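Everything below concerns the one structure shown next.
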Amino acid sequence: MAYDKQKAIQAAKEEKQKMKEKIQESIESWAVQPEALAAFFQFSEKFSYQYSFRNTLLIQQQNRGAILCQSFDAWKKSGYSVLKGMHGMSIYVPVQATMLEIDGKSIPLSEASEKQKEDYKNGKIPYKTKLHYRIGKTFDIAQTNFPPEKYPDLLSRGIPSDKHGICVQAICEYCETELKVPVVLEANEPESPEDFHMGYGIQGASLYGFYDRAQKEIHIGKTLQDTAALSTLAHEMGHAVAHENRADDENLHKIEFEADAFSIMLQEHFGLPISDRRKEHINEHYRKYQMTAGENFKPEESVDRIFTLYKKHIKGIEQKLQKYLPEESRTFGKDILAVREENKQEQTGKKNSEERKKKWRKKVR
């Protein structure tokens, strides 16, 4: 059958529209499905390094069990193949298009005549570049021939609960040295009348901790157990990185929503279970953000910002953690090419061992 370019263009437009509708459906579900919001940010932790907020939503919708995704060519470049018959997940791929300026109209270079293309090459036609998105495909590791027994080498395994206190130390050091935000361990009640007068002590709604924007300090309760301290510190760090330069009149529910989103992704990275209290907190503030912000309700912008901030800070946090837990050999797991090389060496070793056994058996005979 002959290739019909116009039909292909129309099909691509229709698929883009369906993708847009899927994204909108997911965002709208956050307000009515309490579990959906926290579940999205838990899922996002695996993909925020590589994919945008919208592409992460699309991947989640198409394969909730996805754990590590790449394009067909990226898997091939890594030395692995997508299994026959596997269908990729549709995502947006950014492309720079060259637009020729002819008679007051912008014409894509790909649609220009041969003469126009020649004139463009010779610098006779003005042009500009424009970013647009085409539909691409990504494949999960489970759709490839990557050895399942090697998955743990690539994927973060979390931190055992008996080492959560060390994680708290690492994040405290990161906050103090990189963010210039000291972390103050504080009694849940003022320890003296002077402390009470100065407003010290963690009370009421701030029973676990709070971020003091005026003093640029994070305060957490010193009586908290390690896991609770790590969860609280993750949330207050979200405030410190996301809201340092916020406007004084910025929607308070938006602020809490963003801090919770950052916190859930960081907790997921460390392998912490997300408490019902944290899920209820993010759901409550998301709904109130939607109800109170009016035309300023822009959850896509909030999530985009949190993705950017998370990418910016997670590697630095892991570098600090390596100082305390070098034996964990975590970070983001090994590079795929490194695992492939190790796998080759392992297979070569097995092969050489088998050959030595065969030679030994021949000698014995």
Side-chain angles (χ1 to χ4, degrees), residues 1-27 44 46-63 66 68-146 298 300-301 303-305 307-308 311-312 335-337 340:
M1 183 184 249
Y3 174 71
D4 188 329
K5 186 175 180 180
Q6 291 304 315
K7 191 174 181 180
I9 291 173
Q10 183 59 33
K13 283 182 180 178
E14 290 174 1
E15 185 170 1
K16 280 184 181 179
Q17 182 58 34
K18 287 179 182 177
M19 290 164 69
K20 186 177 179 181
E21 289 170 1
K22 282 183 180 179
I23 290 171
Q24 194 57 40
E25 285 172 12
S26 288
I27 294 172
S44 297
K46 300 188 287 284
F47 299 101
S48 61
Y49 315 110
Q50 185 176 0
Y51 291 103
S52 68
F53 151 56
R54 291 165 185 78
N55 278 342
T56 302
L57 263 180
L58 288 168
I59 291 170
Q60 185 193 33
Q61 280 199 339
Q62 295 169 84
N63 183 359
L68 194 158
C69 297
Q70 292 191 130
S71 68
F72 185 95
D73 288 341
W75 280 116
K76 189 175 180 181
K77 195 177 290 184
S78 300
Y80 299 96
S81 303
V82 172
L83 299 174
K84 189 175 181 180
M86 290 293 173
H87 297 285
M89 293 165 278
S90 297
I91 59 171
Y92 293 115
V93 178
V95 178
Q96 287 284 356
T98 299
M99 309 296 291
L100 305 185
E101 301 295 315
I102 301 174
D103 298 330
K105 296 180 181 179
S106 293
I107 300 176
L109 179 60
S110 59
E111 297 179 14
S113 67
E114 290 303 318
K115 184 177 185 309
Q116 289 169 337
K117 288 178 181 178
E118 188 64 30
D119 288 343
Y120 158 73
K121 287 181 183 179
N122 294 326
K124 296 180 180 180
I125 296 180
Y127 69 94
K128 61 183 179 182
T129 56
K130 179 183 177 182
L131 181 67
H132 72 102
Y133 292 87
R134 65 174 177 82
I135 298 170
K137 300 292 181 180
T138 189
F139 297 84
D140 184 53
I141 191 171
Q143 297 176 288
T144 74
N145 63 352
F146 190 95
K298 299 175 181 177
E300 298 98 328
E301 290 183 10
V303 180
D304 269 335
R305 206 155 70 89
F307 268 44
T308 300
K311 286 180 193 177
K312 178 181 177 181
D335 179 82
I336 291 179
L337 291 173
R340 177 193 174 203

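None of the values given here were measured: they were computed from a predicted structure.
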(message) Run Met99 and His132 through side chain to side chain contact (heavy atoms under 4.5 Å, CB included) and show every step you take.
(response) CA-CA 11 Å; Met99 309 296 291; His132 72 102; over 6 Å; no

(request) Spell out, as yes or no, whether a donor-acceptor pair under 3.5 Å connects the side chain of Gln62 to the backbone of Ser90. (result) yes

(message) A quick test of your reading: do over 12 heavy atoms of other residues, nucleotides or ligands sit less than 6.0 Å from NZ of Lys130?
(response) no

(request) Please report the shortest heavy-atom distance between Leu58 and Lys22, naming the atom on each side. (result) CD2-CB, 4.4 Å

(message) Are Glu114 and Lys117 packed together at the side-chain level, in the sense that at least one heavy-atom pair is separated by less than 4.5 angstrom?
(response) yes

(request) Looking only at non-hydrogen atoms, find the nearest pair between Cys69 and Phe47 and report the distance. (result) SG-CE2, 3.6 Å

(request) Check whether more than 12 heavy atoms from other residues, nucleotides or ligands sit under 6.0 Å from atom NZ of Lys13, and answer yes or no. (result) no

(request) Could you check if a side-chain atom of Leu109 sits within less than 4.5 angstrom of a side-chain atom of Tyr127, using non-hydrogen atoms only? (result) no

(message) Do Phe139 and Leu83 have side chains that approach each other closer than 4.5 Å (heavy atoms only, starting at C-beta)?
(response) no

(request) Would you please say whether a donor-acceptor pair under 3.5 Å links the side chains of Lys137 and Ser71? (result) no

(request) Would you name the heavy atoms of Leu57 and Ile27 that are closest together and state the gap between them? (result) CD1-CG1, 4.0 Å

(request) Under the salt bridge (Lys or Arg N to Asp or Glu O under 4.0 Å) rule, collect the residues that match up with Arg305, sequence neighbours excluded. (result) Glu258

(message) Using side-chain heavy atoms (C-beta onward) and a distance below 4.5 Å, is Phe53 in contact with Glu301?
(response) no

(request) With rounding to the nearest 0.5 Å, note down the distance linking CD in Glu300 to CD1 in Ile23. (result) 9.0 Å

(request) Work out which heavy atom in Phe307 is nearest to a heavy atom in Thr56; give both atom names and the distance. (result) CE2-OG1, 3.5 Å

(message) So, taking the atom named CG in Asp73 and the one named NZ in Lys77, what distance separates them when rounded to the nearest 0.5 Å?
(response) 7.5 Å

Scan the side chains in residues 101-108 for donor-acceptor partners under 3.5 Å anywhere in the protein, sequence neighbours excluded, and list what turns up.
from	atom 1	to	atom 2	distance (Å)
Glu101	OE2	Ser106	OG	3.0

(message) Using only atom types and a distance under 3.5 Å, with no angle test, would you say the side chain of Tyr51 pairs donor to acceptor with the backbone of Ile59?
(response) no

(request) Ignoring hydrogens and angles, tell me if any N or O in the side chain of Glu15 forms a donor-acceptor pair with the backbone of Ile135 under 3.5 Å. (result) no

(request) Check whether any side-chain N or O of Gln60 sits under 3.5 Å from a backbone N or O of Ser44 as a donor-acceptor pair, and report yes or no. (result) no

(request) For the residue pair Asp140 and Met89, establish whether any side-chain heavy-atom pair is separated by less than 4.5 Å. (result) yes

(request) Look up atom CG in Leu68 and atom CD1 in Ile141, then write down how far apart they are to the nearest 0.5 Å. (result) 5.0 Å

(request) Taking all non-hydrogen atoms of both residues into account, name the closest pair between Gly136 and Val93 and its distance. (result) CA-CG2, 3.6 Å

(request) Evaluate the side-chain proximity of Met19 to Arg54: yes if any heavy-atom separation is below 4.5 Å, no if none is. (result) no

(request) Please report the shortest heavy-atom distance between Leu100 and Ala112, naming the atom on each side. (result) CD1-CB, 3.7 Å

(message) Angle between ring planes, Trp75 versus Tyr80, binned at 30° and 60°: parallel, tilted or perpendicular?
(response) perpendicular

